[in-house]
Amino acid sequence: MDTLPEGKLYINGDVRPAGGHATYDNINPWTGKVVGQAADATAEDVDLAIQAARTAFDDTDWSQDPAARLELLKTYRDLMVANRDKLVQIARLEAGAAIGAAARAQIDGALNGMNDLLNCFSDVTWSEDRGVKNEYGFDTKRLVLREAVGVVGAITPWNVPLYVNVGKVIAALLAGCTVVLKPAPDTPLMGAIMGELAAEAGFPPGVFNVVTSRHAAMAGEMLTRDERVDLISFTGSTAVGKLIMENGAPTLKRVFLELGGKSAYIVLDDAPEFARVVMGSMVVFHAGQGCAYPTRLLVPRSRYEEAVQALQMAYAGFADKWGHFDEPTCMMGPLISKRQMDRVLNYIEIGQQEGARLLAGGKARPDMGDGYFVEPTCFVDVSNDMRIAQEEIFGPVLVVIPYEDDDDAVRIANDSIYGLGGAVFGDTQRALGVVKRIRAGALSVNGGMSITGDLPFGGYKQSGMGREWGREGIEEFTEIKAIGIRAS
Ligand code: NAD
C-alpha cells in the first residue's frame, strides 16, 4: 500500500511544521502500520493560530466583503475538486474507507456539499427591512442584520473527516467568520490538506488555520476555553460535547454540537418488497462508523421471522464482500483504530451477556490483515432497554427489535437519549405520519435522502444542538443585530 505525504500546520497563511518540528505517526487502519507523519502542534502553535484568526477577523475586511469571500471559496472548491483523487487516497489510507465509501460519502459527498453551501449563500437574508413603527410618539425605521459571529473553533471527528471539516469550515467562512480547524488525531491529513489548498487558493493570512495534534483534548480545550474564540462548532461524541459546553461556559461561548446517535430503521408491515427493505438495513457502509446511521432495525412482530430470515440471507451473501482494499464496489473496510475495534468487540460481548442472539458476525478478523477488521454483525431478539440498543456502538453492528404496532414503533424509536436520524419504509402517507412523530433531525421515507449539503442537519435531545449544512448551517455562524433609525 502507498504512503501519505507529511501533514503540516497552516497558521496565519503559512504551511509549516509544528514548533520543534514535532510529528506523530499517522496509522493506516487497513494494516495497523505507519502510513505517514503529521504535525504535532504545541500549545504555542494553537495560541498563534487563535491570535491569527482573531486579528484577521478584527483588523481585516474579511467579514465585510461577502463578494470577495464567495469568489475565493469558489476558487477553493475548484482546487478541492481538482485534487479529488488525492482526497480519496487520504480517506482510504487514513480513515480506512473502502473505495466505494471513499468515493461517495467521504469525498464526493463532501465536494457536492461544498457546492451546495456555495449555492445556499444567496439564500441567507443578510439584511431585512422590518418597516417603520411608531412607538413612544415617534417613528423608527428598523433593520435586522446578520453578521459573522467572529472567530470559530471547528473541532472534528475521524469518521467522515472531509465531510465534517467542509460542513463547518466552508459555512463559517461564507458567513464571514475566521476559523481554526482542529481535526481528530486519527485523521490529521484531511485537515492539513485543506490548509495546503487554502494557501494555494490565496487565502488572506489568518482567515483559516489548521492545527493537528496527537493529543485528543489539548488543542480543543484551548479553543473552547479561550476568550478570543467566539463559537465552537463541534462534531464528536456526546460525552465530549458535554465537556465543551462546560469548558465554554465561563466565556459564554456559543456552542454548536453534532453528537452521537442510535437511530431507528422502521419497516412497516405494509412496506412493499418487505424482504429487500429489511436487507437494506445492514450496517456495513464504512463499517457502521456514521453518526446518523439507523442502527436499530424495528420490524413488526407479525413479520419478525420473515425479517430474521431475510437478514440471515443478506449477511451470508455479504460474507466475502467487505474488507477489500482495491475493489471499487467495496463499501466496508476496517474500523479506524485498535481502540475503536476493542470498543466494538466489547459491545458485542455485552450484547451476548444481555441475552441477545447473534445472527451474524461477532468476531474480529485478524486473518484479513493486521488492521482493525470486525465482521458485519447482527443481533436479533433485542429489547430496547439493552445497552446494545441504547448506547452508540459506532461499528458494523445492527440490533433487531420487534414491535407491536405503529404506536409501539414510534415509542421504541423515541425511547433513546439520542435523536439524530431515522428511516421509515411503508405506504408513503403512513410512513410520513410515523416520521413526523419521531423526535430526530434527519428522517428518510422509503430511502429518500434527508442528508445533503443543502438541507439542515442536526440532532434533537442529546444528539446535539444547532444545525449544520444548508442555509441554516451558514446562519449558525451569524449573530443578529437590530437597528432602529429615528425617522420622525
Ligand atoms: P470524540 O468526541 O472523541 O472526538 C471528537 C473531536 O473532539 C476530536 O477532534 C477530539 O480530538 C476532540 N476532543 C476530544 N476531547 C476533547 C476535549 N476535552 N475538548 C475539546 N475537544 C476534544 O469523537 P470521535 O471518537 O472522534 O468520533 C466519534 C463520535 O463522533 C461518535 O460518537 C459519533 O456519533 C460522533 N459523530 C457525530 C457526527 C454528527 O454529525 N452528529 C458526525 C460524526 C461523528
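What you see below is based on every heavy atom in this structure, not just the backbone, and it leaves out hydrogens, waters and symmetry mates. We count ligands from 1, going down the list as the structure has it; atoms in each ligand are counted the same way. Everything numeric in this text was worked out from a predicted model, so none of it was measured.
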*Measure the distance from atom 16 (C) of ligand 1 to every protein heavy atom, then report the residue, atom name and distance (to 0.1 Å) of the closest one.*
Val240 CG1, 3.5 Å
*Looking only at protein heavy atoms, which one is nearest to atom 8 (C) of ligand 1, and how far off is it?*
Thr156 O, 3.3 Å
_If we count only N and O atoms by modelled type, under 3.5 Å, do the side chains of Thr235 and Lys168 hold a donor and an acceptor together?_
yes
*Which atoms of ligand 1 have any heavy atom of Leu243 under 4.0 Å away?*
18 (N)
*Ionic contact status for Glu479 with Arg254, cut-off 4.0 Å*: yes
*What atoms in ligand 1 come closer than 4.0 Å to a heavy atom of Glu258?*
37 (C), 39 (C), 40 (O), 41 (N)
*asked:* Taking the basic N atoms (NZ, or NE/NH1/NH2) and the acidic carboxylate oxygens, is any pair closer than 4.0 Å for Asp14 and Arg16?
replied: no
*asked:* For Tyr372 and Gln340, which I'm curious about, is there any donor-acceptor pair between the side chains at under 3.5 Å?
replied: no
*Nearest option to atom 5 (C) of ligand 1, as decided by whichever heavy atom of Thr235, Leu257, Ile155 sits closest*: Thr235
*Which residue holds the protein heavy atom closest to atom 25 (O) of ligand 1, what is that atom called, and what is the gap in Å?*
Trp158 NE1, 3.0 Å
*Which residue supplies the protein heavy atom nearest to atom 35 (C) of ligand 1, what is that atom called, and how far is it?*
Gly236 O, 3.1 Å
*Taking atom 13 (N) of ligand 1 as the point of reference, which of Gly220, Ala216, Gly458 owns the nearest heavy atom?*
Ala216
*By number and element, which atoms of ligand 1 are closer than 4.0 Å to a non-hydrogen atom of Phe457?*
40 (O)
_Per-atom contacts of ligand 1 with Asn159, taking only distances under 4.0 Å to non-hydrogen atoms_ = 43 (C), 44 (C)
*Do Tyr265 and Phe425 have ring centres separated by under 6.0 Å?*
yes
*Indicate whether the side chain of Lys253 and that of Thr251 have a donor and an acceptor atom separated by less than 3.5 Å.*
yes
*Distance-only donor-acceptor check, side chains Asn414 and Arg439, under 3.5 Å*: no
_For Pro185, atoms of ligand 1 separated by under 4.0 Å from a heavy atom_ = 11 (O)
*Take atom CD of Gln352 as the centre, draw a 6.0 Å sphere, and report whether it contains more than 12 heavy atoms from other residues, nucleotides or ligands.*
yes
*Of Ser237, Ala292, Gly464, which has the heavy atom at the shortest distance from atom 23 (O) of ligand 1?*
Ser237
*Considering only NZ, NE, NH1 and NH2 on the basic side and carboxylate oxygens on the acidic side, decide whether Lys33 and Asp370 come within less than 4.0 Å.*
yes
*asked:* Students should be able to answer this: which protein heavy-atom is nearest to atom 32 (O) of ligand 1, and at what distance?
replied: Glu392 OE1, 2.6 Å
_Atoms of ligand 1, numbered as shown, that sit under 4.0 Å from any heavy atom of Leu420_ = 41 (N)
*Nearest to atom 27 (O) of ligand 1, what protein heavy atom do you find, and at what distance?*
Pro157 CB, 3.5 Å
*State whether Asp2 and Arg92 are salt-bridged, where the test is any N-O pair (Lys NZ or Arg NE/NH1/NH2 against Asp/Glu carboxylate O) under 4.0 Å.*
no
_N/O separation below 3.5 Å, Lys182 to ligand 1_ = yes
*Under a 4.0 Å N-O cut-off, is there an ion pair linking Lys262 with Glu392?*
no
*Nearest-option assignment for atom 37 (C) of ligand 1, heavy atoms, candidates Thr224, Ile244, Leu259, Leu223*: Leu259
*Just need the protein heavy atom nearest to atom 39 (C) of ligand 1, so name the residue and atom and give the distance.*
Cys291 SG, 3.0 Å
*Looking only at non-hydrogen atoms, which of Glu221, His215, Met222 approaches atom 19 (N) of ligand 1 most closely?*
Glu221
*If you have a sec, work out which protein heavy atom is nearest atom 7 (O) of ligand 1 and how many Å separate them, to one decimal?*
Phe234 CE1, 3.2 Å
*Look at Glu475 together with Arg471 and state whether they make a salt bridge at an N to O cut-off of under 4.0 Å.*
yes
